[in-house]
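As a basis for the values below, the full set of heavy atoms in this structure was taken, side chains included, without hydrogen atoms, waters or symmetry mates.
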Amino acid sequence: MNQMILLGILVIPWFLLLLLDKQRVKRFFTVGLFAALMMTIAYQVAEKMHWWTVQENVFFLTSMGATIYCLHIVITIFVFYLTYPGFILYIIVNIILDLIHGYVIVPFLAKIGLYNLYDISHFGLFLVMTTVAIILYLFQRLLDFIFEENHA
């Protein structure tokens, strides 16, 4: 059953992007990929610091959660699609999503045996995710500046 959940997490969110305008999705796709990179780094730090572990994963991934290569990318694109360029709205939406992730989703994943927190609290996880969100926003602003300079 867990393998079905993991495969669903890895595949299904991509179809949600079909509901959005292609040009705007394309605009935010780079920041989505950067989100995957940031989360990959976060997972590597977490492994070294013993913050959390992935207990069960899809067969071709080890210590990286399946959420990195799909859900984080798609959610990042969705959040930017719906809130950007307004920083206040962006950060409010991210705080809400990060709280849900830290206090609802992670305990559920732990309950079904996919994920465990160890040397980091739910609030610590929330802070990591919120820090990543701020970095992502700054990255998108940098991309916009670069593209504006090249098209000016």
Side-chain angles (χ1 to χ4, degrees), residues 4-49 51-54 57-58 60-110 112 114-115 117 120-152:
M4 295 299 290
I5 291 170
L6 289 168
L7 287 171
I9 287 171
L10 195 61
V11 174
I12 292 170
W14 289 110
F15 292 105
L16 297 175
L17 293 179
L18 298 174
L19 303 173
L20 305 176
D21 176 62
K22 282 187 226 179
Q23 286 305 105
R24 290 193 60 207
V25 168
K26 207 159 93 172
R27 177 181 183 193
F28 299 124
F29 198 77
T30 304
V31 77
L33 293 177
F34 187 65
L37 173 64
M38 293 297 299
M39 290 311 300
T40 299
I41 292 168
Y43 269 77
Q44 292 297 306
V45 170
E47 185 176 19
K48 292 291 183 190
M49 303 294 288
W51 287 348
W52 66 75
T53 59
V54 176
N57 214 341
V58 289
F60 55 88
L61 297 174
T62 56
S63 62
M64 296 296 135
T67 60
I68 290 176
Y69 302 110
C70 183
L71 206 53
H72 281 291
I73 296 171
V74 172
I75 288 174
T76 298
I77 292 168
F78 257 94
V79 169
F80 274 94
Y81 187 94
L82 297 173
T83 66
Y84 191 79
F87 179 74
I88 300 297
L89 181 59
Y90 171 82
I91 203 66
I92 288 170
V93 168
N94 267 284
I95 286 171
I96 292 166
L97 291 174
D98 294 343
L99 286 169
I100 291 168
H101 178 259
Y103 289 96
V104 177
I105 295 172
V106 168
F108 171 74
L109 295 176
I112 64 172
L114 296 179
Y115 188 91
L117 290 183
I120 193 170
S121 65
H122 291 281
F123 185 71
L125 179 62
F126 163 77
L127 291 177
V128 168
M129 299 297 290
T130 301
T131 301
V132 168
I134 292 168
I135 293 168
L136 294 176
Y137 185 86
L138 295 172
F139 180 78
Q140 182 62 44
R141 295 296 294 194
L142 177 64
L143 286 176
D144 286 350
F145 176 76
I146 291 168
F147 286 125
E148 285 172 11
E149 286 290 311
N150 288 337
H151 287 57

Min side-chain heavy-atom separation V11-F15 under 4.5 Å: yes

Side chains of L142 and L138 in contact at under 4.5 Å (non-hydrogen atoms): no

Passing candidate, side chain to side chain contact (heavy atoms under 4.5 Å, CB included) with F34, options I135, L143, I73, T76: I135

From I146 atom CD1 to T30 atom OG1, the distance as rounded to the nearest 0.5 Å: 10.5 Å

Heavy-atom pair of closest approach, residues I95 and F126: O-CE1, 3.7 Å

Closest heavy-atom pair and its distance - G102, H122: O-ND1, 2.6 Å

Euclidean distance, L127 CG relative to S121 OG, rounded to 0.5 Å: 7.5 Å

Euclidean distance, I134 CD1 relative to Y90 OH, rounded to 0.5 Å: 8.5 Å

Side-chain heavy-atom pair V128, W51 within 4.5 angstrom cut-off: yes

M129 side chain near M38 side chain, heavy-atom distance below 4.5 Å: no

Considering all heavy atoms, the nearest L82-L89 contact: O-CD2, 4.3 Å

From I96 atom CD1 to L99 atom CG, the distance as rounded to the nearest 0.5 Å: 8.0 Å

Interatomic spacing from CD1 in I41 to CG in L37 - rounded to 0.5 Å: 4.0 Å

Ring centre gap for F123 and Y103 strictly below 6.0 Å: no

Within-4.5 Å side-chain heavy-atom neighbours: T53 and E47: no

Parallel, tilted or perpendicular: ring planes of W52 versus Y43, cut at 30 and 60 degrees: perpendicular

Where I120 and G124 come nearest, the two heavy atoms and their spacing: CD1-C, 3.6 Å

Where V93 and T83 come nearest, the two heavy atoms and their spacing: CG2-CG2, 3.8 Å

Sidechain-backbone polar pair: N94 side chain, A133 backbone, donor-acceptor under 3.5 Å: no

T40 side chain near Y69 side chain, heavy-atom distance below 4.5 Å: yes

Check: Y81 ring centroid to F28 ring centroid under 6.0 Å: no

Side chain to side chain contact (heavy atoms under 4.5 Å, CB included) between I77 and F29, worked out: CA-CA 6 Å; I77 292 168; F29 198 77; 3.5 Å; yes

Stepwise side chain to side chain contact (heavy atoms under 4.5 Å, CB included) check, Y137 with F80: CA-CA 8 Å; Y137 185 86; F80 274 94; 4.2 Å; yes

Shortest non-hydrogen separation from P13 to L71 and the atoms involved: CG-CD1, 3.4 Å

Chi angles and distances behind the side chain to side chain contact (heavy atoms under 4.5 Å, CB included) call for Y84, V31: CA-CA 12 Å; Y84 191 79; V31 77; over 6 Å; no

CZ-CD distance between F87 and Q140, expressed to the nearest 0.5 angstrom: 13.5 Å

